[in-house]
Amino acid sequence: MEARAAERGTLREPSAIASRPFEGEAQALVRFAQILAASGSLQDSAREMLEVAREAVDADRIVLRIHDHVTGDLVPFEGAGPLLGDHPPVTVTSGQGVGGSIWAFERGEVVIERDLDRGAIGGRRRSTAGMRSSVTLPVSSREATIGVLTAGSRRGDHFAPRAVELLTVAAASLGALLEIGRLRQEIEVERFIRERIDNFVSIASHELRTPMTVLVGYSELLMRGEPSIEVRQDWYSFINTESRRLTEIVDAFLDVGSISAGKLHLSIMPVALGPLAREVVARFARSAGHEIDVASGAAVPEVLADPDRVRQVLCNLLDNAVKYSPEGSRISVSFRTDNARGRVITSVSDEGTGIPLGERSKVFEMFQRGRFADTVTVRGAGLGLHIVKSLVEAMGGEVWLRSRRHRGSIFSIALPAAAHAISGHAEAAPQSA
Ligand code: ADP
């Protein structure tokens, strides 16, 4: 930081700080060090540091602003002091300068305003935010200025050189605090990515290895032996099932890839949910040992969505309903209109294991599989619900779940209705698919 200060107004004898006991300042410095050493949240630590600095220099307000690289603005990060109630901290844009913020930021200089009622930097009028005098200091991290610290007082010429010195230490401590926060965030991001990669590797290797083992094993058996037609047909059927499973996993990985890269292509058009749901259910009804019902779709308003993606969403939800509920139990697809929000809600309910409360928020995350005892043996890559959520949200909708342990789950998706004038209730007596 530049030692040179942009002094404004005439220098008077230091007032407030000179009469304060020296221990007050020493205590403030000790508190700065303690806050830096503690591992509190960034926001809380900054607030506490600002409060300590404000009290030590007897300021009426103190605000830390951070430079936004995109807009170039100085955005309030945290503040303290009684003056903030009537004058909440504002974003400072170039060309405006509360207490010389832009000046201090751009030049890396300390700006001391002894009488804010007497004009402004560059002849421009500024909002004084209830202050008559102020000190603004650049806040730096790793030798770059990243923000400014402004202390203000209702009194003119309030800040003596000793107060400015203490604020300089406060600004340096805040810079260090922000740097620690940045490093912590980097570590968190790294840990998050490492966890995702570990999850991906363990799930991908397990999920890919199982079908591969079946494919290699049965194809070798077919090449080696002379099994009967019945046995051969069983083996072909295993090979077929596992090849499909492999294709599904690879498709899911590709979907997640394009979702993450923001390359999802949607063809939005009016979609009739009833017929579409019945078509999807028909595929399941043939193979699964479950009773699957679809509510009559006659009165279901059309939604604006991509029909292929809605099909995929319903497939994933039904696939889960089948996987996580006992054979012979009932699965239902129903529809409901949400007139107030112009949406149509489709729900898939089952009578299965349910999802424990603590797991519910996680199941929509990528590679997150339920860890509760009755589902860990079921195969899956932990991608289905992540894809459901991403697709529904990309179509302007919402997804949520209700669940009761050992009673079942209801997954609901809301999609925008095609027509604004939707009326009535589309829930009808269940029909067997
Ligand atoms: P996968 O089924 O491949 O594990 P999903 O993303 O589809 O991945 O689901 C994530 C987790 O949510 C599952 O591992 C399971 O624990 C839980 N889950 C999903 N659907 C249901 C359901 N209908 N009933 C109970 N648990 C479910």
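Numbering of ligands and ligand atoms starts at 1, following listing order. FYI, side chains are in, hydrogens and waters are out, and symmetry mates aren't considered; it's all heavy atoms of this structure. The first residue of the sequence shown is numbered 1, and numbering continues consecutively from there.
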Per-atom contacts, ligand 1 versus [X] - under 4.0 Å to a heavy atom:
X	result
Gly382	1 (P), 3 (O), 4 (O), 6 (O), 8 (O)
Gln368	10 (C), 11 (C)
Val363	6 (O), 10 (C), 11 (C), 12 (O), 17 (C)
Leu383	6 (O), 8 (O)

Single hit among Val294, Ile413, Val333, Val303 for side-chain contact (heavy atoms from CB on, under 4.5 Å) with Leu273: Val303

Looking only at distances, please establish whether an N/O atom of ligand 1 is found under 3.5 Å from an N/O atom of [X].
X	result
Phe411	no
Tyr324	yes
Gly384	yes
Lys323	yes

Contact with ligand 1 for [X], non-hydrogen, under 4.0 angstrom:
X	answer
Gly354	yes
Ala381	yes
Arg379	no

Phe411 and Phe364 aromatic ring geometry - parallel, tilted or perpendicular at 30°/60° bounds: perpendicular

Over 12 foreign heavy atoms within 6.0 Å of CD, Glu143: no

Under the 3.5 angstrom rule, does the side chain of [X] hit a backbone N or O of [Y] as a donor-acceptor pair?
X	Y	value
Gln43	Phe77	yes
Arg360	Ser403	yes
Glu78	Leu64	no
Arg61	His87	yes
Asp68	Asp73	no

Closest to atom 6 (O) of ligand 1 (judged by heavy-atom distance), picking from Leu385, Asp319, Leu318: Leu385

Of the listed options Asn320, Ile249, Thr353, closest to atom 20 (N) of ligand 1 (non-hydrogen atoms): Asn320

CA sep, side-chain torsions, deciding dist, call: Ile35, Glu48, side chain to side chain contact (heavy atoms under 4.5 Å, CB included): CA-CA 8 Å; Ile35 296 166; Glu48 199 182 341; 3.9 Å; yes

